[in-house]
*Asks:* 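Starting off with a structure, shown below.
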Number of protein chains: 2
Amino acid sequence: MLMNENLTRKEQVYLHATVMFKDRGYAATSMRDLANSLGIEAASLYSHIKSKEEILRKICFDIAAEFISGLIDIEQEDIPASEKLRKGIISHTKVIARDLASSAVFFNEYRCLSPSYLHDFLLLRINYINRFKKIIKQGIAEGEFVNIDIKLAVMTLFSSLNWMPSWYNHTENINQEKVSEELANMLIKGLKK
Amino acid sequence: MLMNENLTRKEQVYLHATVMFKDRGYAATSMRDLANSLGIEAASLYSHIKSKEEILRKICFDIAAEFISGLIDIEQEDIPASEKLRKGIISHTKVIARDLASSAVFFNEYRCLSPSYLHDFLLLRINYINRFKKIIKQGIAEGEFVNIDIKLAVMTLFSSLNWMPSWYNHTENINQEKVSEELANMLIKGLKK
DNA sequence: CCTACCGATCGGTAGG
DNA sequence: CCTACCGATCGGTAGG
C-alpha cells in the first residue's frame, strides 16, 4: 500500500500512476487500473489531470531537468576529469535514488510520448549524454583515461547507472551513498590508465 | 524495409513482430499494426500463430536458452575467475549482437508475459545471474578481485551488457568483437585488485 | 489469406 | 467525485 497521507489527491494520482507505469509499463496500465488503485472511478481522474499522457510527460521532463541541473555546477569546476566524472556519477545516482519509480519510468517509458514531446525529450537526453562525453574526452586528452572509444565508454557508464532503479532497493540495508561510491570507483577504475 | 526473402511467412511474422515489440513495446503493438507491416489482414496472422503472447514467449525463452547454453562450457574450465568472466561477457555480448531486436525484447518486454510464464522466465534469469555471481565470488575468494558487494558488481555488469541492444548498431563501422573485448576489459579492470 | 464479426476494454466527455 | 455513456480499438474466432 502506498503512503498517501499529507498528499493532495492530484499528488496521489501522480504517485500511483508512476508506480504502476514502472511495474506494468505505460501502455499496459489503463486509467481504470489507476482509478481502482485509488478507490475511485476512472472518469473521476479527469478532474485532477487532463490526460494519461500528461502524467507521463511530467514524470519524464521533471526527471530530465533534475539530471541536467545536477550536472551544471560540476562542469564548471576546475578539477581532473576523473573527479568530475565521480561527482557526475554521484549526482546522477542521487537523482535516481531520490525517486526510483519516476526514474524507471523515465528510462523505460519515454518512448510512449507522442511524437513532438518524444522529440523534445530525446534532445534533452542527447544534451545530457554529450556533457558526460565531454568529461570523458577531457580525461583522455589530459592523459588521465585510456584512449577508449567514447561512445562505448559513455554508453557503458549510462547502462550501469540506468538499471539501478530496477535492482536497487531502498528497503534493503544497502546504503545509497556507499552504492554510488562503489559504482563510481568501479567505473572510473575501468577508464583510468 | 525488412529483408523477407527466403523466409517462410511464419518467420516473417516473428521477425516483424520482434522489431515492432522492440520499437514500440509489446503492449503498444497491436496485431493490426503487425498485420499491416506484412501487408495482410489481422485475422490472417492467426493461421501462422496461436496468439500474440506466443510470439513474446518464443522470443524471451529462446534468448534465455542461448544465454545459459553459452555459459555452461565456460563454467567448467579450469581458469582464473577473471578469464571466466571475460569469456562469459564475450559469450553474452555475442548472443546480443547476433539478434539485437530479440535481445531488446528479452530485456524490456518479458514482464508482459502472463503470470505463469513470467514465473518460469524469472527463474531462468535468476539462474543465469547466479552463475555470474559464482564467478565473481570465485574471483574474490582467490584474491583476484577486490572485496566488492557481489550484488552491486553483478548488477553493474548486467546493466552494462544489457543496454547494448539500445545503443549498439550493426550498421556503424564499430566491430562487435572489438566492442565486446573493450567492454570486458573495462568491466574486469573495475573489479581487479 | 479474406470478410465479417464477437465481446471486452480503451481514453475520455457530459452533466450533475 | 459519480453515473451514464461515446467512438475507437483491442485480441481473437467462424467460416470460407
Side-chain angles (χ1 to χ4, degrees), chain A residues 2 4-60 105 109-118, chain B residues 1-2 4-60 105 108-118:
Chain A
L2 287 168
N4 286 335
E5 310 101 52
N6 306 322
L7 293 183
T8 65
R9 202 54 155 160
K10 186 172 180 174
E11 288 167 339
Q12 287 176 36
V13 170
Y14 274 95
L15 178 60
H16 282 242
T18 303
V19 172
M20 295 179 83
F21 291 172
K22 172 197 146 223
D23 288 336
R24 317 182 186 188
Y26 174 79
T29 303
S30 76
M31 296 307 271
R32 280 154 181 87
D33 292 335
L34 174 56
N36 197 259
S37 91
L38 289 156
I40 60 176
E41 293 300 316
S44 306
L45 289 168
Y46 292 89
S47 43
H48 302 106
I49 53 153
K50 279 183 199 139
S51 69
K52 185 184 179 186
E53 201 195 320
E54 184 191 51
I55 304 175
L56 181 63
R57 284 202 298 264
K58 181 163 167 52
I59 298 168
C60 291
V105 173
E109 306 302 326
Y110 68 87
R111 61 188 167 161
C112 291
L113 290 167
S114 54
S116 72
Y117 288 99
L118 179 59
Chain B
M1 199 53 187
L2 287 167
N4 287 333
E5 309 99 53
N6 307 321
L7 292 183
T8 64
R9 203 53 159 160
K10 185 171 182 175
E11 288 167 337
Q12 287 177 36
V13 170
Y14 274 96
L15 178 60
H16 282 242
T18 303
V19 172
M20 296 179 83
F21 291 173
K22 171 197 146 223
D23 288 337
R24 316 181 186 189
Y26 175 78
T29 303
S30 76
M31 298 306 272
R32 281 155 181 87
D33 293 336
L34 174 56
N36 197 259
S37 91
L38 290 156
I40 60 176
E41 294 298 318
S44 306
L45 290 168
Y46 292 89
S47 44
H48 303 106
I49 53 150
K50 281 183 199 138
S51 69
K52 184 184 180 188
E53 200 194 322
E54 185 192 51
I55 304 176
L56 181 62
R57 283 202 297 265
K58 183 166 166 51
I59 298 168
C60 290
V105 173
N108 298 313
E109 305 303 325
Y110 68 87
R111 62 188 166 160
C112 291
L113 290 168
S114 55
S116 73
Y117 288 100
L118 179 58

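In what follows, chains carry the letters A, B, and so on, assigned in the order in which the sequence lines appear, proteins first and then strands, with residues in each chain numbered from 1. Every heavy atom of this structure was used, including side-chain atoms; hydrogens, water molecules and symmetry mates were not. Owing to the predicted nature of the structure, the values given are computational and were not obtained by experimental measurement.
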*Asks:* Quick one: look up who D:dT9 pairs with, Watson-Crick or G-U, both distances under 3.5 Å, and put none if it's unpaired.
*Replies:*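 With both distances under 3.5 Å, D:dT9 matches C:dA8.
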*Asks:* Counting only side-chain heavy atoms from C-beta out, which of C:dC1, D:dC1, D:dG11 sits nearest to A:I40?
*Replies:*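 Of C:dC1, D:dC1, D:dG11, D:dC1 is nearest to the side chain of A:I40.
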*Asks:* Tell which nucleotide pairs with C:dA14, taking only Watson-Crick or G-U wobble pairs whose two distances are both under 3.5 angstrom.
*Replies:*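 Looking at the geometry, C:dA14 pairs with D:dT3.
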*Asks:* Out of D:dC2, C:dG11, C:dC1, which nucleotide sits closest to the side chain of B:R9?
*Replies:*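 So the nucleotide nearest the side chain must be C:dC1.
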*Asks:* Could you tell me whether the phosphate oxygens of D:dC10, OP1 or OP2, come under 4.0 Å of any side-chain nitrogen or oxygen in B:S30?
*Replies:*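 Looking at the OP1 and OP2 atoms of D:dC10, one of them is under 4.0 Å from a side-chain N or O of B:S30.
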*Asks:* In whole angstrom, give the distance that lies between atom NZ of A:K52 and atom P of C:dG11.
*Replies:*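 Rounding to the nearest Å, NZ of A:K52 and P of C:dG11 are 4 Å apart.
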*Asks:* Could you please spell out the steps behind the side-chain contact (heavy atoms from CB on, under 4.5 Å) verdict for A:L38 and A:R9?
*Replies:* CA-CA 9 Å; A:L38 289 156; A:R9 202 54 155 160; 4.2 Å; yes
*Asks:* Please give, in whole Å, the distance from D:dG11 P to B:L34 CG?
*Replies:*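 It works out to 10 Å between those atoms.
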*Asks:* Without decimals, in angstroms, what is the distance between A:I55 CD1 and C:dG12 C1'?
*Replies:*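 After rounding, the gap between these two atoms is 13 Å.
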*Asks:* Side-chain N or O of A:S47 less than 4.0 angstrom from OP1 or OP2 on D:dC1?
*Replies:*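 For D:dC1, neither OP1 nor OP2 has a side-chain N or O of A:S47 closer than 4.0 Å.
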*Asks:* If you take all heavy atoms of A:M31 and A:Y46, which pair is closest and at what distance?
*Replies:*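 Reported closest heavy-atom pair: CG-OH, 3.5 Å.
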*Asks:* What's the CE-C1' distance between A:M31 and D:dC1, to the nearest Å?
*Replies:*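 Rounded to the whole Å, the gap is 15 Å.
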*Asks:* Using a heavy-atom cut-off of 4.0 Å across all strands, would you classify B:R32 as base, sugar-phosphate, or nothing?
*Replies:*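 If one applies the 4.0 Å heavy-atom cut-off, B:R32 turns out to touch a base.
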*Asks:* Main chain of A:V105, side chain of A:Y26: is a donor-acceptor contact present, judged purely on distance under 3.5 Å?
*Replies:*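 Side chain of A:Y26 to backbone of A:V105: no pair is present.
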*Asks:* Between A:Y26 and B:E41, which is nearer to the 5' end of DNA chain C once each is assigned its nearest nucleotide?
*Replies:*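 Result of the comparison: B:E41.
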*Asks:* What integer distance in Å separates A:R24:CZ from C:dC10:C1'?
*Replies:*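 About 15 Å, once rounded to whole Å.
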*Asks:* Nearest whole Å is fine: how far is D:dT13 C1' from B:I49 CD1?
*Replies:*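 My rounded result for the distance is 13 Å.
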*Asks:* Take the protein atom OH of B:Y46 and the nucleotide atom P of D:dC10, then report the distance between them rounded to whole Å.
*Replies:*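 Going from B:Y46 (OH) to D:dC10 (P), I get 11 Å.
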*Asks:* Nearest to the A:S44 side chain among C:dG12, C:dC2, D:dC1, which nucleotide is it?
*Replies:*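 It is D:dC1.
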*Asks:* Are any non-hydrogen side-chain atoms of B:N108 and B:F21 less than 4.5 angstrom apart?
*Replies:*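 Side-chain contact under 4.5 Å: no.
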*Asks:* Choose from C:dT3, D:dT3, D:dG12 the nucleotide whose nearest atom is closest to any side-chain atom of A:A43.
*Replies:*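 Ranking C:dT3, D:dT3, D:dG12 by closest atom to the A:A43 side chain puts D:dT3 first.
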*Asks:* Would you check if B:I55 and B:M20 make a side-chain contact, meaning some heavy-atom pair closer than 4.5 Å?
*Replies:*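 They are not in contact (no side-chain heavy atoms under 4.5 Å apart), so the answer is no.
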*Asks:* When the distance from CG of B:N36 to P of D:dC10 is rounded to whole Å, what number comes out?
*Replies:*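 Going from CG in B:N36 over to P in D:dC10 covers 11 Å.
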